[in-house]
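Working notes for the structure below.
What you see below is based on every heavy atom in this structure, not just the backbone, and it leaves out hydrogens, waters and symmetry mates.
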Amino acid sequence: MMDVPSNNGLSRRGLLGRGPLSRRYGSVVDHLYAVEVVVVDEHRRVRVVRATREPDDPHRDLWWAHAGGGGGNFGVVTRFWFRSPSAVGTNPAKLLPPVPGQMYFFLAEWAFDASMTRDAFTTIVRNFGQWHEQHSAPGAPGTGLYAILEIGNIHNGVFNLVVQADGGLPNVEGQVDEHLAAIHAGLADYGCPTSAAILLIGYGGQVQAVPPDATAVAQRDVVMKAVFSTTWLLEADDATNVRWMREYYRGIYAATGGVPVPDDVSDGSYINYPDVDLADPAWNTSGVPWYELYYKDNYPKLQQIKAAWDPGNVFRHALSVELPA
C-alpha cells in the first residue's frame, strides 16, 4: 500500500466525496483502497486495524463500511490510502485520475425581471434536469461538465448557472455552448449577462458505474443533488432563519412526509450533509426512518459491521449506525 497525497485528481470531501470531477471519475470512495482505524472491542481493548478492498482481506467489511458509511461510526480513522481500481504499478502520480492542467469556468446569469415569466423559469429548471438525465451515463461526453444551477429567490435579482470542466477536454467550449443551448430550448430569446437558494448540482456519470451494494453508498443512479441554503448576518436571527429553512424544506417534500423518500423522483439523502431533523418525527412524518434515507438497503449490513467492530457502541452520535436490535 502507498500513501497518496490528497491533492490528486479527486478532492476528498468528507467520507464519500464529490466534486467537479465526480461525473467523470466517480465518487472519492470508489478510489479508496484502504483505511486504518482505531477500534475498541467488547472488552474495551483498543487496537489498530488496517482494512483494504482486497477480496481476500479478512477485514474487508471495515473498508466497505468506510466507503460511504464511516463518519465516526466504527472507530477513529487515522489514515486513508487511495488507489483507483484500474491503477497499475506503484508510481503515486499514476494511482489516481490526473489533475487537470487548467479548468474551464463558465457563468451565466438570468435576471428576475418582467421577462422572466413563470413558464420561462420552469423551462430553464426542467431543461437543466433533463440535460442531466440524458448526459449521465458512465463515459458519456457530457460527464466532463460539472454544472450547478443556483436558484435564488426573486429578491436576489438574479439566478445563475456555473459550469466547470477540465480545460483540456476536446471541444470543451463547444460542449458548454451545447449545454447552455439545451437549457434555453423552448424559450423565447432571453439574454444571459445571489441569501436563500436551491442548488441543483450535476452528479451521475461514472458514479453510476458502481453497483449500490459495492460500497456503503447506495444512491448510485441519481443525476443531480439538491442543496438548500440560506445565509444571514445576525445571531439574533438564528431561530427565524432556521425555522424558515425547515419549513421550506418540508414544503418541498410535503407529498412524502417532509423528507426525500426514495421513489421515482428522489433517492434519499446524502450522509455527507447530515441533518438530525430527518430523525425527528416532528419534521419527518414519512414513516421512513432516517437511516433508510441515507443508506437504503445497505443499512442492515452496516449494523452487522457495527456489531463486529464496535460492539460496545463506543462511537456514537445523533445519526450513528445503531447496533442490531
Side-chain angles (χ1 to χ4, degrees), residues 10-19 22-23 25-39 49-85 138 203-222 225 259-262 266-276 278-279 288-311 313-325:
L10 289 172
S11 64
R12 290 188 295 176
R13 189 180 181 93
L15 294 175
L16 277 69
R18 65 147 186 85
S22 292
R23 285 173 46 80
Y25 295 127
S27 174
V28 169
V29 300
D30 300 338
H31 303 264
L32 178 64
Y33 177 77
V35 61
E36 181 180 86
V37 191
V38 178
V39 297
V49 178
R50 289 185 179 182
T52 75
R53 67 174 178 231
E54 296 295 339
D56 59 350
D57 187 338
H59 303 145
R60 190 178 189 276
D61 63 339
L62 190 61
W63 164 84
W64 183 92
H66 282 86
N73 284 305
F74 310 98
V76 177
V77 177
T78 53
R79 185 176 295 181
F80 292 103
W81 288 268
F82 291 92
R83 179 188 179 95
S84 296
Y203 198 53
Q206 192 62 25
V207 173
Q208 296 186 352
V210 178
D213 60 353
T215 68
V217 182
Q219 290 87 0
R220 289 290 182 173
D221 64 347
V222 296
K225 291 188 178 296
V259 297
V261 172
S266 299
D267 200 28
S269 300
Y270 184 52
I271 193 60
N272 258 20
Y273 303 145
D275 182 357
V276 295
L278 300 189
V288 178
W290 66 267
Y291 49 79
E292 288 188 19
L293 298 175
Y294 284 121
Y295 299 115
K296 299 175 66 178
D297 294 340
N298 286 337
Y299 189 67
K301 182 174 180 178
L302 286 169
Q303 287 187 288
Q304 295 301 320
I305 297 171
K306 175 76 168 180
W309 293 101
D310 184 24
N313 200 26
V314 173
F315 303 98
R316 59 188 184 273
H317 49 79
L319 295 177
S320 58
V321 173
E322 299 167 344
L323 289 168

Q. Do the rings of Tyr273 and Tyr270 sit parallel, tilted or perpendicular, given the 30° and 60° boundaries?
A.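 Ring orientation, 0 to 90° scale: perpendicular.
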
Q: Determine the interplanar angle of the Trp290 and Tyr295 rings, folded into 0 to 90°, and report it as parallel if under 30°, tilted if 30 to 60°, perpendicular if over 60°.
A: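 Perpendicular: the ring planes of Trp290 and Tyr295 meet at over 60°.
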
Does a side-chain heavy-atom distance below 4.5 Å link [X] with [Y]?
{"X": "Pro212", "Y": "Asp297", "answer": "no"}
{"X": "Asp61", "Y": "Trp309", "answer": "yes"}
{"X": "His66", "Y": "Val77", "answer": "yes"}
{"X": "His59", "Y": "Arg50", "answer": "no"}
{"X": "Val29", "Y": "Val217", "answer": "yes"}

Identify the heavy atoms of [X] and [Y] that sit nearest to each other, and give their distance.
{"X": "Ile271", "Y": "Pro274", "value": "O-CD, 3.3 Å"}
{"X": "Gly205", "Y": "Pro138", "value": "O-CG, 3.4 Å"}
{"X": "Thr215", "Y": "Ala67", "value": "CB-O, 3.3 Å"}
{"X": "Leu293", "Y": "Pro262", "value": "CD2-CD, 3.9 Å"}

Q) How would you list, by chain and number, every residue that makes a ring-ring contact (aromatic ring centres under 6.0 Å, His included) with Tyr294, sequence neighbours excluded? A)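 Scan of Tyr294 (ring-ring contact (aromatic ring centres under 6.0 Å, His included), adjacent residues dropped) gives none.
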
Set of salt bridge (Lys or Arg N to Asp or Glu O under 4.0 Å) partners for [X], sequence neighbours left out:
{"X": "Asp310", "value": "Lys306"}
{"X": "Arg53", "value": "none"}
{"X": "Asp275", "value": "none"}

Q: Under the side-chain contact (heavy atoms from CB on, under 4.5 Å) rule, collect the residues that match up with Ala308, sequence neighbours excluded.
A: none

Tell me if a side-chain donor or acceptor on [X] pairs with a main-chain N or O of [Y] at a distance below 3.5 Å.
{"X": "Trp81", "Y": "Thr52", "result": "no"}
{"X": "Gln219", "Y": "Asp267", "result": "yes"}
{"X": "Trp64", "Y": "Gly69", "result": "no"}
{"X": "His31", "Y": "Tyr25", "result": "yes"}

(Q) Could you go through Arg220 and Ser27, starting from their C-alpha distance and side-chain angles, then the distance that decides it, and tell me whether this counts as side chain to side chain donor-acceptor pair (under 3.5 Å)? (A) CA-CA 10 Å; Arg220 289 290 182 173; Ser27 174; 5.3 Å; no

Quick one: [atom1] on [X] to [atom2] on [Y], what's the gap to the nearest 0.5 Å?
{"X": "Leu62", "Y": "Phe74", "atom1": "CG", "atom2": "CZ", "answer": "7.5 Å"}
{"X": "Asn298", "Y": "Glu292", "atom1": "CG", "atom2": "CD", "answer": "11.5 Å"}
{"X": "Gln208", "Y": "Asp221", "atom1": "CD", "atom2": "CG", "answer": "6.5 Å"}

Q: Give the intermediate values and the outcome of side-chain contact (heavy atoms from CB on, under 4.5 Å) for residues Asn73 and Leu302.
A: CA-CA 9 Å; Asn73 284 305; Leu302 286 169; over 6 Å; no

Q. Are Tyr33 and Glu54 linked by a side-chain donor-acceptor pair shorter than 3.5 Å?
A.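 Tyr33 vs Glu54: donor-acceptor pair found between side chains.
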
Q.
Apply side-chain contact (heavy atoms from CB on, under 4.5 Å) to residues Val76 and Val37 and explain how you reach the verdict.
A. CA-CA 5 Å; Val76 177; Val37 191; 5.8 Å; no

Please table the atom pairs, donor to acceptor, closer than 3.5 Å between any side-chain atom in residues 315-325 and protein atoms at least two apart or in another chain.
from   : atom 1 : to     : atom 2 : distance (Å)
Arg316 : NH1    : Asn313 : O      : 2.6
His317 : ND1    : Leu319 : N      : 3.2
His317 : ND1    : Ser320 : N      : 3.2
His317 : NE2    : Gly71  : O      : 3.0
Ser320 : OG     : His317 : N      : 3.1
Ser320 : OG     : His317 : O      : 3.0

